[in-house]
Amino acid sequence: MDYQNMKHEHHENHSRQKSGHQNHGEGGHQGHGGDHSNHHEMMARDFKRRFFIGAIVTIPILVLSPTIQNWLGFAVPGFPGDKFFLAGLASVVALWASWPFYVNALSELRKKTLGMMVLVSLAVGVGYLYSLSTTFLIEAPDFYWEISTLAVVLLFGHWMEMRAVVGASGSLKELVKLIPPKANKVAGDDIAEVETETLLVDDIILIRPGEKVPVDAVVLDGESSVNEALLTGESKPVGKKAGDGLIGGSLNIDGSLKARVLKIGKDTALSQIVELVKNAQSSKPKTQRLADKAAHYLTLTAIIVGVLTFFFWNFLLGASFVFALTLAITVIVITCPHALGLAIPTVTTISSALAAKHGILIKNMDGLEKARDVDWIIFDKTGTLTKGEFGVSDVIEIRDGKFKTDNNGATSKILQIAASLENHSEHVIAKAVVAAAKTRGLKLLDIKNAKAIPGKGISGIFDNAEVIIGTGRLMAERSVTIAEGQAGKANELERQGKTVVYLALDKQIAGMIALSDLIKEESKAAIQNLKDMGVKVAMLTGDNKETAAYVAEALGLDHFFAEVLPGDKVNAVRELQRKGSTVMMVGDGVNDAPALTQADVGVAIGAGTDVAIESAEIVLVKNNPQDIVRLIRLSRKTTAKMKQNLAWATGYNIVAIPLAAGVLAGYGILLRPEWGALAMTASSIIVVFNALLLRKAKLSV
Ligand code: ADP
Ligand code: MG
């Protein structure tokens with residue numbers, strides 16, 4: 001019953017820490033999160049039942065009330081005990097149907113907050129008790145039909161709210177359903193069907209055509225195409241062969257695949273996506289805190305104005321007790337910040353579900369809110385704006401000050417030494433060099449003392465000679481002189497957008513290797529879109545200035561930071577922030593983590609890979625810069641909706657409270673409680689409707 005309470009606990013939990021994610025590894029919480037949607041489903045069913053029964057019971061209450069008869073111009077003949085019958089019917093609504101309101105009001109009071117449940121309970125409770133007294137004790141009109149309609153309307157609102165929440169978490173359930181319950185485990189020549197949960201890391205599994213991949217795995221044998229659409233939004237099937245990764249939940253289409261299990265249970269990409277979306281839906285945007293505060297003050301206002309209204313009319317102006325009480329109850333009813341309670345959560349649930357559909361996972365609603373007004377977006381170059389798949393394009397050997405650029409054997413020695421050393425590095429450049437040597441059938445040589453120098457290169461000992469591979473800066477640091485002609489040759493290649501690394505043997509430049517990385521097709525359009533939206537775009541890279549300038553020029557960037565060491569990336573973000581800009585950083589999260597944290601909005605690209613997404617507010621499942629455009633569109637639309645809803649929900653009260661208090665009573669303008677209830681419902685419905693419009697929002701570019 002305690003759903004308000006429950007929501008608040010969630011909110012507090014998550015707003016305290018930047019990353020809700022780490023919460024989940026610690027156990028306990030996951031079960032809690034899992035109950036969450038079931039709980040809401042139960043709540044939705046409960047409110048639905050109370051609403052329908054309440055509504056059915058309210059019909060005879062309306063028919064029996066003189067006001068309604070008066071309005072509609074009919075009369076129901078009295079019958080013996082009709083007064084008691086009416087009181088009985090009203091009791092069903094005011095006691096049984098309204099029960100959740102009282103329970104929640106109590107828990108609000110226990111937490112020393114004055115939420116809308118306190119107000120609702122007050123309005124219904126006071127109205128009901130007073131009406132009872134008119135039935136049994138005093139001669140005065142009752143409030144039965146007003147409180148009944150009020151309760152029914154509120155129950156409807158709560159039912160709708162719960163349904164919205166369940167609907168949004170429904171998309172999560174769909175995700176979880178992607179995991180097939182059974183898997184084929186291979187043991188020697190045997191293939192046994194086992195429960196997916198029993199699989200362990202390093203188990204070998206078989207995925208037949210048409211079957212779903214049970215857990216994250218790596219292909220050992222076989223070739224197939226796999227549909228990963230539900231996880232990545234990418235509808236084209238992806239080709240898979242030995243060495244490729246498989247995501248649990250994706251659909252194997254045409255080939256049979258043998259694979260080794262990489263991740264199980266909550267470590268799988270799918271589980272992490274589910275967790276992220278769950279967290280987002282319970283994370284609290286700043287606007288929500290504003291709404292909570294407003295609700296608190298409105299409740300306080302309602303009670304104070306209600307009491308004052310009563311005293312003012314009854315004692316000071318000498319109006320009748322009934323008239324004064326009617327006004328007081330109207331004030332309380334009308335001030336019910338019901339629309340305010342709906343204003344933000346409805347928008348939040350819809351927008352995070354909408355985002356997830358586009359492969360945008362929002363870890364923190366605050367991040368989504370801030371994305372709206374970023375001034376600068378800094379993209380990491382490699383792997384974000386470019387494909388991050390390097391290929392060796394030129395191998396140049398330098399002997400006696402002359403360049404040898406013949407790639408067919410003459411320069412093999414350089415490539416061979418380079419690859420032997422790079423074999424000790426994990427860098428994308430290193431992998432490309434090793435791959436190039438392998439295609440040429442070169443044997444890797446023995447290297448001693450290999451040491452990677454992050455953001456610069458790698459060094460080691462080959463045949464008693466020191467080998468260094470890396471940037472010009474690294475060469476300078478190691479007192480290796482680069483001749484003017486050599487630097488000129490490197491620059492020439494760099495101006496073509498290639499990345500050039502030097503190879504030094506015994507402090508002498510012995511060769512250069514140029515690698516090219518392609519700019520993603522989507523990058524250019526995305527950057528144009530962002531600029532059209534009034535956002536400035538910068539690029540951050542450890543690569544040299546010439547290569548960076550080439551990419552920046554090709555993409556039409558506003559600014560670039562080149563030759564930035566991994567530890568200094570955060571300074572680039574700070575530099576822009578110092579000028580008063582709100583900065584979004586988009587990176588693959590590996591060495592970008594500090595920069596992602598420093599940025600006002602950190603966006604990690606590529607969920608399900610290495611989940612270095614702790615430091616980001618938002619995670620993009622796909623590796624597509626156009627998703628940043630979608631993200632900002634969604635953010636702008638979401639924030640606009642929140643503000644509209646907030647303005648509507650509070651603005652309505654500002655007008656209605658004085659009217660209800662009888663400020664214009666002298667001019668014959670007075671708000672009756674029933675009109676108050678009606679206006680309040682209308683305002684709630686408008687708020688929910690407005691939020692629902694977000695579903696239709698076009699984010700596509
Ligand atoms: P990015 O910021 O583009 O991801 P890094 O910071 O990882 O790049 O590296 C910056 C530069 O340092 C690279 O462009 C390359 O010139 C050099 N570098 C780093 N590691 C290596 C390596 N293992 N081999 C050769 N060059 C390297
Ligand atoms: Mg990088």
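Given the structure is predicted, the values throughout are model-derived calculations rather than measurements. Just follow the structure's listing: the first ligand is 1, and inside any ligand the first atom is 1.
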Any sub-3.5 Å donor-acceptor pair from [X]'s side-chain atoms to [Y]'s backbone N or O?
| X | Y | answer |
| --- | --- | --- |
| T268 | D216 | no |
| E397 | M512 | no |
| K531 | G556 | yes |
| E422 | V434 | no |
| D506 | A465 | no |

Should one rank [options] by closest heavy-atom distance to [atom], which comes out on top?
| atom | options | answer |
| --- | --- | --- |
| atom 25 (C) of ligand 1 | E563, H424, E422 | E422 |
| atom 12 (O) of ligand 1 | G455, A548, A452 | G455 |
| atom 20 (N) of ligand 1 | M539, E426, K431, H427 | H427 |

Any N/O pair [X]/ligand 1 closer than 3.5 Å:
| X | value |
| --- | --- |
| I453 | no |
| G542 | yes |
| T541 | yes |
| T382 | yes |

For ligand 1, which atoms sit closer than 4.0 Å to a heavy atom of [X]?
| X | result |
| --- | --- |
| I429 | 13 (C), 14 (O), 15 (C), 25 (C) |
| S425 | 23 (N) |
| V501 | 16 (O), 25 (C), 26 (N) |

May I ask you to identify, for [X], whether its side chain, its backbone, both or neither come under 4.0 Å of ligand 1 on a heavy-atom basis?
| X | value |
| --- | --- |
| R473 | neither |
| K381 | neither |
| T471 | side chain |

Report yes if some heavy atom in the side chain of [X] is under 4.5 Å from a heavy atom in the side chain of [Y]; otherwise report no.
| X | Y | result |
| --- | --- | --- |
| I482 | Y502 | yes |
| D380 | T541 | no |
| V601 | V374 | yes |

Task: K569 near ligand 1 by a heavy-atom separation under 4.0 Å - done: yes
- [ ] Determine, for E223 against K240, whether the closest basic-nitrogen to carboxylate-oxygen distance falls under 4.0 angstrom.
- [x]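 K240 and E223: not salt-bridged.
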